[in-house]
Amino acid sequence: MSEKQLPTVYDPQAVEEKWYQYWQEKGYFHAEVNPDKEPFTIVIPPPNITSALHIGHAMDNALQDIIIRQKRMQGYEALWMPGTDHASIATQVKIEEALAAEGLTKYDLGREKFLERAWAWYEKYGGTIINQLKKIGCSCDWERTRFTMDEGCSRAVREAFVKLFNEGLIYRGSYITNWCPGCQTVISDDEVEHEDHDSHIWHLRYPLADGDGFIEVATTRPETMLGDTAVAVHPEDERYQSLLGKEVILPLMDRPIPIIADDYVDTEFGTGAVKITPAHDPNDFAIGLRHDLPHVVVIGKDGKMTAEAGKYAGLDRYEARKAVLADLESGGYLVKTEPHQHAVGHCYRCHSVIEPLVTLQWFVKMEPLAKPAIEAVRRGETRFVPERFARIYYHWMENVHDWCISRQLWWGHRIPVWYCQDCGEVMAAVEEPTSCSKCQSSNLEQDPDVLDTWFSSALWPMSTLGWPDETPELDYFFPTNVLVTGYDIIFFWVSKMIFTSLYFKGQVPFQDVLLHGLIRDAQGRKMSKSLGNGIDPLEVIEHYGADTLRWSLLNGTTLGNDSRYYEEKIEAARNFANKLWNAARFVLMNLGDFQAEEIDIEHNLELADRWILSRVNHVTKEVSHFLDTYNFGEAMRSLYEFIWNEYCDWYIEIAKSRLYGEDEAAQRTAKSVLAYVLEQTLRLLHPFMPFITEEIWQHLPQTGESIMIAPWPIYKEELEDKEAEQAMGMIMEAIKAVRNIRAELGVAPSRRVECHIHAAGEKEQDLLQQVVPYFNKLAGISQLTIGRFGDAKPPKAMSAVVTGAELYLPLSGLIDINQEIKRLQAELETLNKEVLRCEKKLANPGFVNKAPAEIVEKERQKLADWQQKRQRVEARLQELQS
RNA sequence: GGGCGCAUAGCUCAGUUGGGAUGAGCGCUUGCUUCACACGCAAGAGGUCACAGGUUCGAGCCCUGUUGCGCCCACCA
């Protein structure tokens, strides 16, 4: 860098573009198998190619980037594996929407043309997403970028399917499934979103076949009664003992159906008698199996009534409900209608009301997979952060149903199963078979369906590293270290990766799962397209820069908790970046031609130097610790406070007197410490704000290619300087006391005043003498007289008592003795309270005996301190009142 | 019906293993064109840590219960 000075204003656009390109050219993002280094791996949650990234993605990926950048600096072979997800159902829904806008359906195109469209979609959005991630600053290993439908991932999917199939863990069968009439496919239980709807419960009367009265049933879905094939009661329900084995005539359909007994029925609920529709209700389906009941399918896949529904055939299911109810009422079968709330399932992609239908599907048998997955987490092989999410995982795993993996969609991994059209043999194969393994016929047809999109996601940590091949990458980078994702996809993805990885690899896929919350809008509402309250991260980056966006999304947050998006937060982050920029600009302006070799932080140190060096060392410890424990918000707070409140507000101001002074040695020391602390701080800040830190760092006198590969600062216990921290604390307290008096009396900032300061002891006096140059500057003092307790005081003066000293400001013309007395009396009151509190605590034998010695000692110290202050204030009051 | 989270300054939120709430940003008051920064500086105001018990020498933090808000899971029609 020839240009040593920073421009007055930080321009994120130019800087970010420049450095990102530089990093890429240098190959810093790339990780290789390297036996000399310890690996550290993160696989990205592959964003869906459905559309551009939203603000939640920005946060998710900023988190991952923070982790991977720190690990890289710490010397790990850090791999962040990137890629995108084909998102079978979600993408298909989008494409069909686009088609609909053209007045077309997927059938107009046909499967092949439709898939061409889908691939074009991938080309467009897949690229957009990658570019967005780059804008955010993500240091992914782009050379390794993958896609869930690329060749390798597709082969992994087929291998996994065939292995599970051959080992009896995948089966095909007709079961009641969640049919989405909108997407025209089944979806798994996880993909159904339940919502409570205000509806009704209808009591119906079914006449007994023998004409001897009625049985009353209750239902929330009257239209399904057309498909009833039984009425069930509890076997021990005394009310219905005499009816068991009898038949009722199904109203409207005139069909006799039996009254059966089943434990499932709750005698307390409704009438204790349940109409059974095995074809249209999951519970009824189970009862139907137990009692071998026939299925009457009255609702079709289009959500309309079938021919089996008789005169209602062709009606939409909700119109049919109205018609059926009207007919039941006019026939005298409707006993009563009561308001009722009940949960209605909706498709998580198109929001249609799910229709439970019996269809022929492929399933994964979950029980043998779930058990090891539960045990592995119990053993701590994978750790959930925050811990509470492990419970959610356990609960899901312990109650998991078999996983329906086939989808009646076109975009996705085609199920690798072929049916022999001659002998009916069913073959699962990784590569397309040419002939039937049983009858050698070549008349084979592949299953038309595709796999659940989560099937390929489940393999992601393995497939991106080469599985099913035993690649060096898989051996080296797997299991991965950290997975970062939102708590809302524990079921969809996290749990599926865990059991899949354990089954195929015998290892958990990652050690730690970090689960963050959702970003809501300023009112706390979920961001959604319908509300139009979403935020485009790229727009924010354009206005404020990526560092600002990253900082604002994570500052002050905690893992697992939702947060809100505010323009004010963005501005606060921007202000922080600006503060850092200006501090650096100041340092560089004063450094001149100062060289890296000139940096000397061991000799000629003043108190303030020792203090800031101790502080930066302490912050190094804190930030490292907070990152180790995933307390990102706390790490950021620590950096923010150090940079703003200590480095800028105090150290830079203090250093000025030496920078502008004549003493060259002192000037060199100040420059050294300013440069050293800034450089350390930039490295600590780099994972959070990669661009601005690089830009500044490149201007500093140091030797290195990039801050990205500079070593992570290490805490050194020997650099801790408690004495300097305490002494500086005293000095700062005294300066603040002077400023406080000045402000209260309205002393013009430009007016320099005289000050007498009396120290408690020799140590304090010595200390004060050391800091005169900047004490005067920071407190606006013209003449500082340093004495000892008991020395003569200026006759008319404002005064303040601070730790180890008392100070007097003889502000002629501004002093009102009565007001001063009031001030001191108020001060005395607070001091009395503090002294009392300490005394009480120390008088408690329980505290003195049981609390750690360190705490007790601290309390004694405090008491002595308060007592001394109180004594000085009392003495001062006496003087003034006499 | 289960489970979980939240309740701390006017607002939005932190608070790491229990040890004076000098908590942060925004907002508010007062004063400052102080030679890095008005996206700033300085000085302030503002809190019974939801409520009630308990454990402890000591509780915002641990335990029990209550209230309010939010979320997740669940095959009672």
Taking any heavy-atom pair under 4.0 Å as a contact, classify [X]: base, sugar-phosphate, or nothing.
{"X": "A:Thr220", "value": "sugar-phosphate"}
{"X": "A:Arg585", "value": "sugar-phosphate"}
{"X": "A:Cys838", "value": "nothing"}
{"X": "A:Val265", "value": "base"}
{"X": "A:Trp202", "value": "nothing"}
{"X": "A:His280", "value": "nothing"}
{"X": "A:Tyr264", "value": "base"}

[X] vs [N]: side-chain N/O to OP1/OP2 distance below 4.0 Å:
{"X": "A:Trp396", "N": "B:C4", "answer": "no"}
{"X": "A:Lys526", "N": "B:C71", "answer": "no"}
{"X": "A:Tyr660", "N": "B:A36", "answer": "yes"}
{"X": "A:Asn561", "N": "B:A14", "answer": "yes"}
{"X": "A:Lys840", "N": "B:G58", "answer": "no"}
{"X": "A:Arg564", "N": "B:C13", "answer": "yes"}
{"X": "A:Thr558", "N": "B:A14", "answer": "yes"}

Distance check, P atoms only: B:A9 and B:C61, in whole angstrom units. 15 Å

Rounded to whole angstrom, note down the P distance from B:A59 over to B:G19. 11 Å

Closest-nucleotide 5' rank along RNA chain B - winner of A:Gly556 and A:Lys858: A:Gly556

Judged by nearest nucleotide, the residue sitting upstream toward the 5' end of RNA chain B, A:Asn844 or A:Ile652, is A:Ile652

Does CD in A:Glu829 sit with more than 12 non-hydrogen atoms of other residues, nucleotides or ligands closer than 6.0 Å? no

Can you tell me which nucleotide in [options] comes closest to the side chain of [X]?
{"X": "A:Glu634", "options": "B:G15, B:G19, B:A36", "value": "B:G15"}
{"X": "A:Asn740", "options": "B:G44, B:G19, B:A42", "value": "B:G44"}
{"X": "A:Glu641", "options": "B:G23, B:C35, B:C41", "value": "B:G23"}
{"X": "A:Ala583", "options": "B:A77, B:A36, B:G20", "value": "B:A36"}
{"X": "A:Arg837", "options": "B:G20, B:C6, B:G15", "value": "B:G20"}
{"X": "A:Pro852", "options": "B:A74, B:G40, B:G19", "value": "B:G19"}
{"X": "A:Lys862", "options": "B:G19, B:G25, B:G20", "value": "B:G20"}
{"X": "A:Arg739", "options": "B:U12, B:A36, B:A43", "value": "B:A43"}
{"X": "A:His395", "options": "B:A36, B:C73, B:U12", "value": "B:C73"}
{"X": "A:Arg388", "options": "B:C76, B:A43, B:C4", "value": "B:C4"}

Could you check whether the rings of [X] and [Y] sit parallel, tilted or perpendicular, using 30° and 60° as the cut-offs?
{"X": "A:Trp202", "Y": "A:His200", "answer": "tilted"}
{"X": "A:Phe491", "Y": "A:Trp396", "answer": "parallel"}
{"X": "A:Phe576", "Y": "A:Trp644", "answer": "parallel"}

Hey, does A:Leu809 have a side-chain heavy atom less than 4.5 Å from the side chain of A:Val747? no

Under the 3.5 Å rule, do the base of B:A36 and the side chain of A:Glu653 count as making a donor-acceptor pair? yes

Within the modelled atom types, does a donor on one side and an acceptor on the other bring the side chain of A:Arg391 and the base of B:C4 under 3.5 Å apart? no

Once you round it to whole Å, what is the distance between P of B:C4 and CZ of A:Phe384? 16 Å

Starting at CG of A:Asn555 and ending at P of B:G15, how long is that distance when rounded to a whole Å? 12 Å

Output row for RNA chain B, stems defined as at least 3 consecutive Watson-Crick or G-U pairs under 3.5 Å, is B:1-7 with B:67-73, B:10-13 with B:23-26, B:28-32 with B:40-44, B:50-54 with B:62-66

